[in-house]
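Following: one structure in structure tokens, then a few remarks.
Every chain is numbered from 1, with letters handed out A, B, ... down the list of sequences. Only a predicted model underlies this, so the values are computations on that prediction, with no experimental measurement involved.
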Protein chains: 2
Amino acid sequence: MTRQRRLILQVMDNAEQHLDVDQIFERAKRIDSGVHLVTVYRTIELLKKQGLIDELDLLHLRGDRHYYETHGPRDHIHVACLKCGKVREFESRLYEQLKSQIEKDFGMKVTISRTEVGGYCAHCQTLRAREVEEVRMLTLDAEKPAARTPKKRVRKS
Amino acid sequence: MTRQRRLILQVMDNAEQHLDVDQIFERAKRIDSGVHLVTVYRTIELLKKQGLIDELDLLHLRGDRHYYETHGPRDHIHVACLKCGKVREFESRLYEQLKSQIEKDFGMKVTISRTEVGGYCAHCQTLRAREVEEVRMLTLDAEKPAARTPKKRVRKS
DNA sequence: GTTAGTGCAAACCTTTTGCAGCTCT
DNA sequence: AGAGCTGCAAAAGGTTTGCACTAAC
């Protein structure tokens, strides 16, 4: 347990949300500028193997990077809004039942599980409905297909 | 709808398992050597946006590649064995209920969902080490991505 | 003929690696 | 001291982009 590892773990524990590698790096650097990005990668790899943290993709909504969170006592589902990007967590007995069913049906022991769900949250649904309505009004006679959301490229500097 | 796109779709439809980009590329090339990797990427991007294919990570068991499958009529869960790497699919009414519960609790409309589960399958729990190794050879090596072979460092001009 | 898709090379970003020097126990 | 970690530079791997050319409708 070195100074750097302690720091990285501390950053992740204090995080109020899911961080990607660069975010962890930035926060660690702010406290101790002598921490190297490579060390963050290596530490994350280690923690992942030990099962102390979980890795998420969040459905690649924000690009293909990975996000990390400290492994809590209970499994939860990540629910993301496709529009505003907000991620919420969800626990359910149904989820536990589902995993039990898999174990029973396949005769297997489940040790990892990840479920990520995307959709439009209550707030964005009303926004979207309004937009759709506007588009419809504009194109009543044109018979145009619905506008696609432009691809947003999430790229680090 | 071009020759290339038709071909790429055909490859994915005929696939008996989840393919990554390079596997799709290799198979397409075998049929029409004039297909370019970039076109595969662009086509996948397109199909993904249209919701015609789904993207999987398979819990990163085989590295950080992405895998693709044509989007069937019903959602299913991917269940992977951590030992032999075999991936099976699982459908359940519980899963539908779970998604309904999320929609109800959050007042949201769920449009994408992905769940991937890892564990030890019935075989791997009981097989002896040597037999496990054989299964691994059969399932993982069949079309395993090229191993990362470190080479002598050579300065690039 | 216009619009959209393709091939190519090169850029880009993220993650991994070899190695030398430094830390922790 | 010895094992293990770290920082560094650079490689490797995967994905995207700019641009000229070609194919599709």
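Regarding Gln4(A), its CD atom lies at a distance of 18 Å from the P atom of dG21(C), rounded to whole Å. Atom CD in Glu45(A) sits roughly 13 Å away from atom P in dC5(D) (whole-Å rounding).
Taking His78(A) as the reference, His18(A), His76(A) meet the ring pair (Phe, Tyr, Trp, His ring centres under 6.0 Å) condition, with sequence neighbours excluded.
Here Val117(A) is tied into one hydrophobic group with Ile77(A), Val79(A), Phe90(A), Leu94(A), Tyr95(A), Leu98(A), Ile102(A), Phe106(A), Met108(A), Val110(A), Ile77(B), Val79(B), Phe90(B), Leu94(B), Tyr95(B), Leu98(B), Ile102(B), Phe106(B), Met108(B), Val110(B), Val117(B), each link being a pair of ILVMFWY side chains closer than 4.5 Å.
Geometrically, Arg30(B) does not engage Phe25(B) in a cation-pi contact defined by less than 6.0 Å to the ring centre and at most 45° from the axis.
Base-pairing analysis of DNA chain C finds the following stems of at least three consecutive Watson-Crick or G-U pairs, with both pairing distances under 3.5 Å: C:1-25 with D:1-25.
Closest to the Asp22(B) side chain, of the nucleotides dA9(C), dG14(D), dA24(D), is dG14(D). Nearest nucleotide to the Tyr41(A) side chain, out of dT15(C), dG14(D), dC8(D): dT15(C). Listed candidates were dT6(C), dT15(C), dG7(D). Nearest to the side chain of Val21(A) is dT15(C).
Partner of Leu47(B) under the side-chain contact (heavy atoms from CB on, under 4.5 Å) criterion, out of Ile53(B), Asp54(B), Thr70(B): Ile53(B) alone.
As judged by a 4.0 angstrom heavy-atom cut-off over every strand, Arg42(B) is placed among the base-contacting residues.
Residues Asp64(A) and Val40(A) each lie close to DNA chain D; by heavy-atom proximity, the contact nearer the 5' end of the strand is made by Val40(A).
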